[in-house]
**Student:** 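Questions regarding the structure given below will be posed in turn.
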Amino acid sequence: MRRRCVRETLVYLTSAIIVLNCCCMVAAEAVTCSGIVPMVYRNDKISITDFGGVGDGRRLNTKAFEEAIYRIKHLKRRGGTLLYIPPGVYLTESFNLTSRMTLYLARGAVIKATQRTENWPLIAPLPSYGRGRERPGGRYMSFIHGEGLHDVIITGENGTIDGQGGVWWNMWRKRTLRFTRPNLIEFKDSKHIIISNVIFKNSAFWNIHPVYCSHVVIRHVTILAPHDSPNTDGIDPDSSSHVCIEDSFISTGDDLVAVKSGWDEYGIKYGRPSSDITIRRIVGSSPFAGIAVGSETSGSVYNVLAEHITLKNMGVGIHLKTNIGRGGIIKNITISDVYMVNVRKGIKIAADVGDHPDENYNPNALPVLKQVRIRNVRGKKVQQAGLIIGLKNSPFTDVCLSNINLYGYPRPRYVPWKCSYVRGGAIQVRPSPCSNLIHSGSCPN
């Protein structure tokens, strides 16, 4: 098992390096959204070794990280401070970042989470979720955490942040979790955040989670977790706005990118949407979805653009998902220029996905999905081209598919499109989609 995991990791890393090199060459000339948060170069620099940090992979460096970040927070150098992590393996417990800082990982630097979970700090549940996503009550704090911050950068020379999530995955499998597992990185109520040129691996739960944030740039990152690791989503913008995700390689055990906005009655009450999110030039693999919206969409999701996406060995290529009790509006979603290979379902849009936080959700809180554009999609070895399942009392409307070719398997393995309670249009879609789309409307030019 150990040899297989090492071999898979080497394959993933090799693929990621090739992809990121290609992305870097493309991005030099291509359109980018990264200008929403300009890169800041700090004149004041300190090293974790100045505070007793030792990169031997054995000694615990929690105190060194806490003292270094305390120094940045309280000295308040003009222009902020860069915390340098030199080559080595720095074992640590979870820690908090501060505003106007850069966490810089040199090539060969690894910040590694301790596997001792008994002292892991607990924090309050997110108000838009009402409880931990997995368990009632609070949740374990993310490995690297930031709350109420501004002007924070995590970058470097493709150093690694390793969550050592195996111990948490085993607790999940054995059903011994007391609270919801920690994310690898979470920024909450923060703005002007950049995450770039870092490898993230083996998160206990979701990898990168900006929640209640604005102006976030995530690009040139590699995110790795075994395909059987539970709920290891790559990047989950959650009730956040003006988010740019570009030029990255993601291979995990759950959705590569999933846009969220709160869970049932709690998300409806909190009422903060995700909006103005760009996802561009992502390459990846997962047994779940490549590009997803939901299923937690109770605060609504608006204005999402995903383009130039390459997917291999996927459960679902494109997945827009919600459920009765969610409420919320999913509107103005554009997904284009997607290539997928060896996929179970190419396109899935459904209102019967996901669980509920408790029995107090409102079954009359029906989601609304409209103004969806999916175009220029190509696929090979796609078992089912598409499935679109709306609700009788809240049908999906203005769903437009154009220039899509998702042939893949000869009969009997091929499964035709399946649709219900949807109105929209289809132009140049092969195999031929549902009659609901062919006869119920037309696509705008």
Side-chain angles (χ1 to χ4, degrees), residues 33 36-37 99 123-134 138-139 141-142 145-152 180 183 185-193 195 205-218 233 235-245 255 257-279 291-306 320-333 351 353-358 360-362 364-372 394:
C33 52
I36 63 171
V37 187
S99 294
I123 57 176
L126 294 167
S128 58
Y129 283 74
R131 47 159 277 185
R133 186 59 185 84
E134 299 182 286
R139 58 200 183 104
M141 188 177 87
S142 62
H145 195 77
E147 183 168 352
L149 305 183
H150 62 88
D151 187 18
V152 181
T180 296
N183 301 312
I185 306 286
E186 180 176 280
F187 285 98
K188 176 176 176 285
D189 291 306
S190 299
K191 61 184 179 180
H192 299 110
I193 306 298
I195 302 174
F205 195 54
W206 301 343
N207 276 269
I208 301 176
H209 185 221
V211 57
Y212 318 146
C213 290
S214 69
H215 295 86
V216 178
V217 172
I218 304 168
D233 297 28
I235 304 170
D236 287 357
D238 197 342
S239 293
S240 293
S241 62
H242 303 288
V243 179
C244 171
I245 302 168
D255 299 343
V257 180
V259 182
K260 302 176 182 290
S261 68
W263 199 12
D264 285 7
E265 69 268 27
Y266 303 105
I268 293 171
K269 181 179 179 180
Y270 195 74
R272 181 161 177 173
S274 279
S275 64
D276 302 296
I277 294 174
T278 301
I279 305 159
I291 302 300
V293 172
S295 71
E296 304 90 336
T297 56
S298 300
S300 298
V301 176
Y302 305 129
N303 307 335
V304 175
L305 169 65
L320 311 184
K321 47 185 173 175
T322 184
N323 206 344
I324 291 171
R326 293 287 194 263
I329 300 172
I330 301 171
K331 177 183 177 182
N332 194 21
I333 312 297
V353 180
D355 55 352
H356 303 286
D358 50 43
N360 297 320
Y361 73 93
N362 179 4
N364 295 316
L366 302 181
V368 173
L369 183 144
K370 59 184 178 180
Q371 297 177 17
V372 173
S394 184

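For the single chain, residues carry numbers from 1 onward in sequence order.
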**Student:** Specify the closest pair of heavy atoms between Pro125 and Gly138, including all atoms of both residues, with the distance to one decimal.
**Tutor:** CD-CA, 3.9 Å
**Student:** To the nearest 0.5 angstrom, please state how far the CZ atom of Arg131 sits from the OH atom of Tyr266.
**Tutor:**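 Rounded to the nearest 0.5 Å, the CZ-OH separation comes out at 8.5 Å.
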**Student:** Please give me the minimum heavy-atom distance between Pro367 and Ser394, naming the atom from each residue.
**Tutor:** O-OG, 2.6 Å
**Student:** Could you work out, with side-chain hydrogen bond (donor to acceptor under 3.5 Å, both in side chains) as the rule, every residue matching Asp236, not counting sequence neighbours?
**Tutor:**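 By the side-chain hydrogen bond (donor to acceptor under 3.5 Å, both in side chains) rule, Asp236 matches no residue at all.
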**Student:** Main chain of Ser300, side chain of Ser261: is a donor-acceptor contact present, judged purely on distance under 3.5 Å?
**Tutor:**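 Yes: the side chain of Ser261 pairs with the backbone of Ser300.
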**Student:** Any donor-acceptor pair under 3.5 Å linking the side chain of Asn362 with the backbone of Asn364?
**Tutor:**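 Checked: pair present.
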**Student:** Between Arg139 (side chain only) and Ala124 (backbone N and O only), is there a donor and an acceptor less than 3.5 Å apart?
**Tutor:** yes
**Student:** For the pair Asp358 (side chain) and Asn360 (backbone), establish whether a donor and an acceptor sit closer than 3.5 Å, ignoring hydrogens and angles.
**Tutor:**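 Judged by distance alone, yes, a pair lies under 3.5 Å.
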**Student:** Taking it one step at a time, do Ile330 and Thr322 satisfy side chain to side chain contact (heavy atoms under 4.5 Å, CB included)?
**Tutor:** CA-CA 9 Å; Ile330 301 171; Thr322 184; 4.2 Å; yes
**Student:** Walk me through it: do Ile208 and Ile218 pass the test side chain to side chain contact (heavy atoms under 4.5 Å, CB included)?
**Tutor:** CA-CA 9 Å; Ile208 301 176; Ile218 304 168; 3.8 Å; yes
**Student:** Check for a donor-acceptor pair, side chain of Trp263 on one end and backbone N or O of Thr297 on the other, with a separation under 3.5 Å.
**Tutor:** no
**Student:** Nearest 0.5 Å, what's the NE2-CD distance between His209 and Glu186?
**Tutor:**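 Answer rounded to 0.5 Å: 5.5 Å.
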**Student:** List the residues meeting side-chain hydrogen bond (donor to acceptor under 3.5 Å, both in side chains) with Asp264, not counting sequence neighbours, and say none if there are none.
**Tutor:** Arg326, His356
**Student:** Are the side chain of Asp255 and the backbone of Asp233 linked by a donor-acceptor contact shorter than 3.5 Å?
**Tutor:** no
**Student:** Please determine whether a side-chain nitrogen of the Lys or Arg among Asp238 and Arg133 lies less than 4.0 Å from a carboxylate oxygen of the Asp or Glu.
**Tutor:** no
**Student:** Is there a side-chain contact between Val243 and Thr278 in this structure, where contact means two heavy atoms from C-beta onward sitting under 4.5 Å apart?
**Tutor:**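 Not touching, per the 4.5 Å side-chain cut-off.
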**Student:** Does a side-chain heavy-atom distance below 4.5 Å link Lys191 with Val216?
**Tutor:** no
**Student:** Closer than 3.5 angstrom, by distance alone: can the side chain of Ser128 be matched with the main-chain N or O of Gly267 as a donor-acceptor pair?
**Tutor:**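 Here the side-chain-to-backbone pair does not exist.
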**Student:** Just so I know, are the side chains of Ser240 and Arg272 near enough to count as touching, which here means a heavy-atom distance under 4.5 Å?
**Tutor:** no
**Student:** How far does CG of Asn207 sit from CD1 of Ile185, to the nearest 0.5 angstrom?
**Tutor:** 8.5 Å
**Student:** Under 3.5 Å, is there a donor-acceptor pair between the side chain of Ser295 and the main chain of Lys321?
**Tutor:** no
**Student:** Using the side chain to side chain contact (heavy atoms under 4.5 Å, CB included) criterion, which residues pair with His215? Sequence neighbours excluded.
**Tutor:** Ile36, Val37, His192, His242
**Student:** Has Ser241 got a side-chain atom pairing as donor or acceptor with Ser214's backbone, closer than 3.5 angstrom?
**Tutor:** no
**Student:** For side chain to side chain contact (heavy atoms under 4.5 Å, CB included), just list the numbers for Asn303 and Ile277, CA-CA rounded to whole Å, side-chain angles, deciding distance to a tenth of an Å, and then say yes or no.
**Tutor:** CA-CA 7 Å; Asn303 307 335; Ile277 294 174; over 6 Å; no
**Student:** Counting distance only, does the side-chain N/O of Ser239 pair as donor-acceptor with the main-chain N or O of Pro273 below 3.5 Å?
**Tutor:**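 No, Ser239 side chain to Pro273 backbone: no donor-acceptor pair under 3.5 Å.
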**Student:** Do Tyr361 and Asn323 have side-chain N/O donor and acceptor atoms under 3.5 Å apart?
**Tutor:**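 Distance-only check fails for Tyr361 and Asn323.
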**Student:** What are the two closest non-hydrogen atoms of Pro237 and Ser274, and how far apart are they?
**Tutor:** O-OG, 3.8 Å
**Student:** Less than 6.0 Å separating the ring centroids of Tyr212 and Tyr270?
**Tutor:** yes
**Student:** Going from OG on Ser190 to CG on Leu149, what distance comes out if it is rounded to the nearest 0.5 angstrom?
**Tutor:** 4.0 Å
**Student:** I want to check something: taking the side chain as every heavy atom from C-beta on, are Val217 and Ile195 in contact at a cut-off of under 4.5 Å?
**Tutor:** no
**Student:** Could you walk me through whether Gln371 and Tyr302 pass the side chain to side chain contact (heavy atoms under 4.5 Å, CB included) test, one step at a time?
**Tutor:** CA-CA 10 Å; Gln371 297 177 17; Tyr302 305 129; over 6 Å; no
**Student:** Between CG of Leu305 and CD1 of Ile245, what distance do you get to the nearest 0.5 Å?
**Tutor:** 11.5 Å
**Student:** Can you check whether Val211 reaches Phe187 side chain to side chain, under 4.5 Å on heavy atoms?
**Tutor:** no
**Student:** Is any side-chain heavy atom of His145 less than 4.5 Å from a side-chain heavy atom of Ile123?
**Tutor:**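 His145 reaches Ile123 side chain to side chain.
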**Student:** Determine the minimum heavy-atom distance between Gly294 and Ala258, stating which atoms define it.
**Tutor:**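 Gly294 and Ala258 have their closest heavy atoms at O-CB, 4.1 Å.
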